[in-house]
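In the text below, chain A, chain B and the rest are named by the order of the sequence lines, each starting its count at 1.
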2 protein chains.
Amino acid sequence: MRESRQRRILLEELRALTSHPTANELYEIVRKRLPRISLGTVYRNLQVLSAAGVIQEIDATGTQKRFDGVTESHYHVRCLRCGRVDDIPVDAIPSLDRLAARGSNYHIMGHRLEFTGMCPDCARECEATECLCPVNRRNLHAGRS
Amino acid sequence: MRESRQRRILLEELRALTSHPTANELYEIVRKRLPRISLGTVYRNLQVLSAAGVIQEIDATGTQKRFDGVTESHYHVRCLRCGRVDDIPVDAIPSLDRLAARGSNYHIMGHRLEFTGMCPDCARECEATECLCPVNRRNLHAGRS
DNA sequence: TTACTTGCAAATCGTTTGCGATATA
DNA sequence: TATATCGCAAACGATTTGCAAGTAA
């Protein structure tokens with residue numbers, strides 16, 4: 001892996017974030033410093049960096065991939081309203097795998113635990129505006145049956 | 001929601017499966033009984049049925065959506081080699097949410113726990129052939145650093 | 001008869017890839 | 001100098017959508 005200007009800056013910007021951006025979010029950020037960079041280059045570098053174990057592609061739900069400058073595995077929360085993903089400071093729970101192995105004929109190798117909820121910003125807006133965000137829609141739906 | 005022939009048969013076939021098919025897998029199955037059905041109709045019906053709470057779109061990792069004829073929420077395992085998804089008979093663990101809530105400023109509403117591993121079929125083939133499936137590649141990678 | 005649903009094809013979205021040009025080691 | 005990496009645009013796979021025709025209630 002050679003060091004290119006694009007790759008270095010991409011990595012710097014990813015590491016400066018506590019959020020877990022999508023390729024496109026990162027593209028918009030990096031573009032401020034490298035106006036001529038292409039989205040393809042962003043994707044290619046994210047691929048190379050995560051294959052090399054320098055960054056991590058987080059296995060989040062949703063249609064877009066998300067990337068993490070931190071490689072140690074840890075759990076995440078996803079906001080049901082805005083899609084934002086953050087870290088959850090909960091230690092890994094290896095006992096979950098044993099629990100699963102007991103009830104399945106799969107060879108269990110690990111797990112993905114993703115919490116869902118509402119981020120502070122959305123919670124505030126949601127209360128203020130009675131919006132029809134996924135969260136409120138879910139409540140409505142539960143009410144009807 | 002009106003009852004159409006396509007929708008009824010789609011639901012029948014989904015409920016007959018213990019696996020959690022993708023839209024395209026279901027399309028191929030339903031096509032045996034309705035040769036003229038279109039993939040668009042399959043997608044539209046899966047959407048309508050899961051919005052109505054009749055079926056469930058499972059929030060699985062991967063590029064394709066997967067659907068479940070059972071609406072009660074439960075945990076899943078995903079085979080890292082073939083992508084197959086099955087149920088895991090582990091009861092819901094609500095205490096996980098409390099654990100997460102304690103360490104985060106999100107309003108935690110739930111979680112998704114997906115186990116990863118190898119299905120019995122793949123485990124067998126993998127041992128027999130020293131294949132370079134994701135599982136073995138992962139081991140190689142760990143070895144190198 | 002009304003409006004939900006269909007089949008078809010085109011459009012969209014996120015991501016990957018082929019190419020000839022550029023830049024790093 | 002050799003080749004990894006780039007920017008661009010086209011290709012791709014999964015999903016969604018517009019439309020005119022068909023069908024359930």
Side-chain angles (χ1 to χ4, degrees), chain A residues 1-14 19-68 78 82-85 134, chain B residues 1-14 19-68 78 82-85 134:
Chain A
M1 188 173 55
R2 195 175 279 181
E3 157 140 333
S4 72
R5 194 166 149 62
Q6 289 87 336
R7 184 167 298 162
R8 181 174 45 75
I9 291 181
L10 191 74
L11 187 54
E12 273 176 32
E13 293 294 346
L14 177 56
S19 75
H20 305 83
T22 62
N24 199 63
E25 283 166 1
L26 213 38
Y27 170 59
E28 292 301 340
I29 290 168
V30 167
R31 216 133 79 104
K32 293 176 190 154
R33 296 174 62 186
L34 297 170
R36 295 187 48 74
I37 197 174
S38 79
L39 186 54
T41 297
V42 171
Y43 273 107
R44 254 184 306 228
N45 277 320
L46 289 170
Q47 222 171 249
V48 168
L49 289 167
S50 68
V54 177
I55 66 169
Q56 185 185 184
E57 179 187 325
I58 69 178
D59 235 8
T61 313
T63 55
Q64 285 149 287
K65 292 184 173 180
R66 291 186 170 270
F67 299 87
D68 192 335
R78 180 170 44 91
C82 70
R84 181 188 167 114
V85 174
Chain B
M1 189 173 54
R2 193 176 282 180
E3 156 141 334
S4 72
R5 194 166 150 62
Q6 289 85 336
R7 186 167 296 164
R8 182 173 45 75
I9 291 181
L10 193 74
L11 187 55
E12 272 175 34
E13 294 294 346
L14 178 56
S19 75
H20 304 83
T22 62
N24 199 63
E25 284 166 359
L26 212 39
Y27 170 59
E28 293 300 339
I29 290 168
V30 168
R31 217 133 78 103
K32 292 174 190 155
R33 297 175 60 185
L34 297 170
R36 294 189 47 74
I37 198 174
S38 79
L39 186 53
T41 297
V42 171
Y43 273 107
R44 255 183 305 226
N45 277 320
L46 290 170
Q47 221 171 248
V48 169
L49 289 167
S50 69
V54 178
I55 65 170
Q56 186 184 183
E57 179 186 326
I58 69 178
D59 235 8
T61 314
T63 54
Q64 284 149 285
K65 293 184 173 178
R66 290 184 171 271
F67 299 85
D68 193 334
R78 180 170 46 91
C82 70
R84 182 189 167 113
V85 174

What is the distance, rounded to the nearest whole Å, between atom CD of B:E57 and atom C1' of D:dT15?
11 Å
Separation of A:Q6 atom CD from D:dA4 atom P, in whole Å?
16 Å
Approximate separation, where rounding is to 0.5 Å, of B:T41 OG1 and B:Q6 CD:
6.5 Å
Report yes if the side chains of A:L34 and A:E13 come closer than 4.5 Å at any heavy-atom pair, otherwise no.
no
Base, sugar-phosphate, or nothing for B:N45, non-hydrogen atoms under 4.0 angstrom?
sugar-phosphate
With rounding to the nearest 0.5 angstrom, report the CZ to CG distance, A:R44 to A:L49.
13.0 Å
State, yes or no, whether a side-chain contact exists between B:L46 and B:E57 at a heavy-atom distance under 4.5 Å.
no
With nearest nucleotide decided by heavy atoms, which residue, B:Q47 or A:M1, maps closer to the 5′ end of DNA chain D?
A:M1
How many angstroms lie between CG in B:N24 and CD1 in B:I29, if you round to the nearest 0.5 Å?
10.0 Å
What integer distance in Å separates B:Y27:OH from D:dA14:C1'?
14 Å
Around A:R8, counting heavy atoms of other residues, nucleotides and ligands shown, do more than 12 lie under 6.0 Å from its CZ?
yes
Locate the shortest heavy-atom distance separating B:L14 from B:D68; write the atom from each residue and the value.
CD2-C, 4.1 Å
Note: B:P21 and B:L26 closest approach over all heavy atoms is CG-CD1, 4.0 Å
List the residues meeting side chain to side chain contact (heavy atoms under 4.5 Å, CB included) with A:R2, not counting sequence neighbours, and say none if there are none.
none
Going from CZ on A:R33 to CD on A:E12, what distance comes out if it is rounded to the nearest 0.5 angstrom?
4.5 Å
Protein-nucleotides 19-25 of chain D N/O pairs closer than 3.5 Å?
unit_1: D:dA24; atom_1: N3; unit_2: B:R2; atom_2: NH1; d: 3.2

Between A:V48 and B:T41, who's closer to the 5' end of DNA chain D by nearest nucleotide?
A:V48
Taking N or O atoms only and anything under 3.5 Å, show me the protein contacts with nucleotides 9-13 of chain D, one pair per line.
none

Between the opening five pairs and the closing five pairs of the helix from C:dT1-D:dA25 to C:dA25-D:dT1, how far apart are the helix axes, to 10°?
30°
Taking 5' to 3' order, which nucleotide of DNA chain C is first and which is last to have an atom within less than 4.0 Å of a heavy atom in chain B?
C:dA3 to C:dC8
What's the CG-P distance between B:L39 and D:dA14, to the nearest Å?
10 Å
A:E25 and A:R66: CA distance, side-chain angles, deciding distance, side-chain contact (heavy atoms from CB on, under 4.5 Å) verdict:
CA-CA 9 Å; A:E25 283 166 1; A:R66 291 186 170 270; 3.8 Å; yes
Atom of A:Y27, atom of A:S38 and distance for their closest heavy-atom approach:
CE1-C, 3.7 Å
Contacts of type salt bridge (charged side-chain N to carboxylate O under 4.0 Å, His left out), residue A:R84, not counting sequence neighbours:
A:D86
